[in-house]
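Worksheet: the structure to be examined is printed underneath.
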2 protein chains.
Amino acid sequence: MQKLLLADDHELVRETVADFLRLQGGFNVATAQSFDEAISVAQAQGPFELVMLDYSMPGMDALAGLAKMRAQTGCPVAILSGTATPDVARRALSSGAAGFLPKTLAPQSLVSAVRHMLSGEIYMPLDFFETENEADADINLTPRERDVLLGITEGKSNKEIARDLGIQEVTVKLHVKTLSRKLGARNRTHAAMLGRDLGLM
Amino acid sequence: MQKLLLADDHELVRETVADFLRLQGGFNVATAQSFDEAISVAQAQGPFELVMLDYSMPGMDALAGLAKMRAQTGCPVAILSGTATPDVARRALSSGAAGFLPKTLAPQSLVSAVRHMLSGEIYMPLDFFETENEADADINLTPRERDVLLGITEGKSNKEIARDLGIQEVTVKLHVKTLSRKLGARNRTHAAMLGRDLGLM
DNA sequence: CAGCCCCCTATGCAATCGGATAGTCAGGGC
DNA sequence: GCCCTGACTATCCGATTGCATAGGGGGCTG
């Protein structure tokens with residue numbers, strides 16, 4: 001029987017979900033109520049074939065906990081969250097999560113998601129990509145701003161970007177300022193990160 | 001019968017894969033040999049339920065083509081590649097790809113991957129996350145450098161990072177310089193991008 | 001055609017970054 | 001004890017960025 005580990009600090013959620021997985025999925029589910037306990041349980045009762053961690057939980061420290069658990073157990077680790085944004089979901093996957101499980105997921109979908117991850121695939125509900133694109137809709141950079149943003153993400157200086165685009169450095173500065181304002185970025189570096197996260201290039 | 005569109009400029013690959021999907025998967029597969037032809041076919045013979053685009057193909061222009069095709073058809077679009085790195089794969093997913101298909105994939109896996117994406121899920125072979133982590137192994141930042149890098153990715157200035165960490169601004173500068181060297185980054189912005197791509201935080 | 005948007009340029013200045021150099025201090029390994 | 005590394009501090013200086021202000025020219029649209 002496949003062994004799962006579910007860590008969440010909300011007891012109601014944790015135990016009902018665990019029971020559901022036991023009954024509907026036929027899994028052997030262990031639980032933990034904090035990140036540290038999850039680490040202990042993983043060592044004491046392991047090996048597990050899949051670990052699910054709540055994103056906001058004592059000791060979890062965001063995605064650092066994900067990396068720690070992956071290093072510890074070597075098995076797929078999924079992130080569970082009730083509030084997380086598409087941005088967090090994408091970062092979780094980039095950080096090596098086996099999947100992202102919003103708590104709004106239909107129970108039956110959870111079982112198939114778990115099976116899915118057990119077979120070595122990445123699970124990501126489509127909703128998150130949809131909503132992401134809607135959210136982006138109100139941000140529209142001009143073609144030139146996009147060019148400049150691309151240069152920034154490649155680590156180029158204003159001078160280099162200007163040369164590559166055949167325009168003056170001052171003009172690049174102008175675009176940097178305007179696109180940063182549109183993105184709500186504090187500076188060029190922040191703009192680069194937001195630009196990539198939002199998939200603007 | 002589910003309609004797929006496969007675009008690849010290598011005829012041998014394109015037609016053999018298409019035939020395989022027809023025979024083994026029972027799909028209706030249309031093909032195109034360039035990005036522009038893919039757009040035309042998508043309009044003329046659509047709607048399709050899944051589009052697969054070769055990553056390097058005339059007119060494709062990397063991930064811009066992905067976005068264009070998604071906007072055009074509104075259906076899931078997967079990226080196909082023989083050479084792409086984990087980095088490109090992750091960017092493709094961040095840009096809204098329905099999946100990433102390396103050409104080293106076992107044929108039977110391809111069929112299941114396609115079914116998978118047709119059901120609205122994201123497909124990503126586990127290999128890519130594995131190799132990614134191995135590749136990262138030779139880059140090891142000190143804990144402090146990691147702290148500083150995190151601050152940079154959040155768009156903070158050296159002064160802010162120093163205040164948050166309780167150290168002097170000059171020290172932050174030192175860390176910025178050394179971590180940039182370790183990452184092979186040209187400046188802080190580049191370091192932030194590389195750091196996120198490599199999942200170092 | 002007038003208004004608007006995008007693109008481009010220019011000048012000037014303050015803040016920040018990037019790099020070099022030169023140290024102190026604590027801890028681990030030989 | 002010696003060597004090495006990580007972390008931290010200091011000063012100096014040039015390069016770059018960020019911001020404000022003030023324009024010109026082209027294209028699209030009501």
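What you see is a predicted model, and the numbers here were worked out from it, not measured in a lab. Numbered from 1 within each chain, the chains take letters A, B, ... in sequence-line order.
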### Message
On the nucleotide D:dG6, are OP1 or OP2 found under 4.0 Å from the side-chain N or O atoms that B:Arg144 carries?
### Response
no
## Note on the structure
Residues at least two apart in sequence or cross-chain that pass side chain to side chain contact (heavy atoms under 4.5 Å, CB included) with A:Ser180, listed by chain then number, are A:Val176, A:Ala185, A:Ala191
### Query
Which heavy atom in A:Thr153 sits nearest to a heavy atom in B:Met193, and how many Å separate them?
O-CG, 3.3 Å
### Task
For B:Val148 and B:Thr171, run side-chain contact (heavy atoms from CB on, under 4.5 Å): C-alpha distance rounded to whole Å, both residues' side-chain angles, the deciding distance at 0.1 Å, then the answer.
CA-CA 10 Å; B:Val148 172; B:Thr171 309; over 6 Å; no
### Query
Quick one: CG on A:Leu179 to CD1 on A:Ile152, what's the gap to the nearest 0.5 Å?
5.0 Å
### Pair listing, side chain to side chain donor-acceptor pair (under 3.5 Å) test, anchored in residues 41-53 of chain B, at least two apart
none
### Message
Give me the atom names and distance for the closest heavy-atom approach of A:Gly151 to A:Ile161.
### Response
C-CD1, 3.8 Å
#### Entry: Under-4.0 Å side-chain N/O to phosphate OP1/OP2 contact, B:Thr142 with D:dT5
no
### Task
Check for a donor-acceptor pair, side chain of B:Asn187 on one end and backbone N or O of A:Gly155 on the other, with a separation under 3.5 Å.
yes
#### Entry: Within residues 156-169 of chain B, residues whose heavy atoms come under 4.0 Å of DNA chain C
B:Ser157, B:Asn158, B:Lys159
### Query
For B:Glu160, what residues pass the side chain to side chain contact (heavy atoms under 4.5 Å, CB included) criterion, not counting sequence neighbours?
A:Arg186, B:Lys156, B:Ser157, B:Arg163
Give the table of side-chain donor-acceptor pairs shorter than 3.5 Å for residues 26-38 of chain A, with sequence neighbours excluded, one pair per line with atom names and distance.
from    : atom 1 : to      : atom 2 : distance (Å)
A:Thr31 : OG1    : A:Glu15 : OE2    : 3.4
A:Ser34 : OG     : A:Glu37 : N      : 3.1
A:Glu37 : OE1    : A:Gln33 : N      : 3.2

### Message
Going by side-chain hydrogen bond (donor to acceptor under 3.5 Å, both in side chains), name the residues that satisfy it together with A:His116, two or more places apart in sequence or in a different chain.
### Response
B:His116
## Note on the structure
Bounded by its outermost nucleotides with an atom under 4.0 Å from a heavy atom of chain A, the footprint on DNA chain C reads C:dC6 to C:dT11
### Task
Find the bend of the helix from C:dC1-D:dG30 to C:dC30-D:dG1 as the angle between its two terminal axes (five pairs each), to the nearest 10°.
50°
#### Entry: Residues in side chain to side chain contact (heavy atoms under 4.5 Å, CB included) contact with B:Lys173, at least two apart in sequence or another chain
B:Asn158, B:Glu169
### Message
Taking side chain to side chain contact (heavy atoms under 4.5 Å, CB included) as the definition, give me every residue that meets it alongside A:Thr142, ordered by chain and number, with sequence neighbours left out.
### Response
A:Arg144, A:Glu145, A:Lys182
### Summary
When A:Val170 and A:His175 are each assigned the nearest nucleotide of DNA chain C, the 5'-most assignment goes to A:His175
### Message
How close do A:Arg146 and A:Leu141 get, counting heavy atoms only, and between which atoms?
### Response
NH2-O, 2.8 Å
Which atoms of nucleotides 19-25 of chain D (N or O only) lie under 3.5 Å from a protein N or O atom, and what are those distances?
none

